[in-house]
Amino acid sequence: MKKLNVLEVISLLFGLILLTIGIMNILKVHPVPGIIYITFSIVFFPPTKVFFKKRFNFTVPFGIKTILFIIIMWFTLGVSDLAEMYGL
């Protein structure tokens, strides 16, 4: 079994956070933003990195993932109905 390095663990945490937000959006707000969050979360999981590398010979750099995560979280906390529901 392959060990995960620190960047992969952080990427996995980002993916889990986005997946959780997506599920909460599906259950509490509306399915469309929830599906979008879940779709974005897939990019952050380590098996997706392996899939992109084998299939397309391309991986999304960690810096791009971090910027994407910050933008998504900014949007979530700034204009999302979910943020209003929980007073964030």
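Side-chain contact check for M73 versus I17: some heavy-atom pair is nearer than 4.5 Å. The shortest distance between side-chain heavy atoms of F14 and I10 falls below 4.5 Å. The side-chain heavy atoms of I72 and I21, taken from C-beta on, include no pair separated by under 4.5 Å. The closest side-chain heavy-atom distance from S41 to F45 is below 4.5 Å.
M24 and I42 are assigned to two separate hydrophobic clusters, defined by single-linkage of ILVMFWY side chains at heavy-atom distances under 4.5 Å. Residues I26 and L16 are members of one and the same hydrophobic cluster, defined by side-chain heavy-atom contacts under 4.5 angstrom among Ile, Leu, Val, Met, Phe, Trp and Tyr. Both I23 and L12 are part of a single hydrophobic cluster, where members link through side-chain heavy atoms under 4.5 Å apart. There is a path of hydrophobic side-chain contacts, each under 4.5 Å, that joins F44 to L7.
No donor-acceptor distance shorter than 3.5 angstrom exists from the side chain of S11 to the backbone of E8, with no hydrogens or angles considered.
Atom CG of residue L18 and atom CG of residue N25 lie 10.5 Å apart, to the nearest 0.5 angstrom.
In this model, no donor atom of one side chain and acceptor atom of the other lie less than 3.5 Å apart for Y37 and T20.
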Please set out all donor-acceptor pairs under 3.5 angstrom arising from side-chain atoms of residues 56-70, sequence neighbours excluded.
from: T66; atom 1: OG1; to: F62; atom 2: O; distance (Å): 2.9

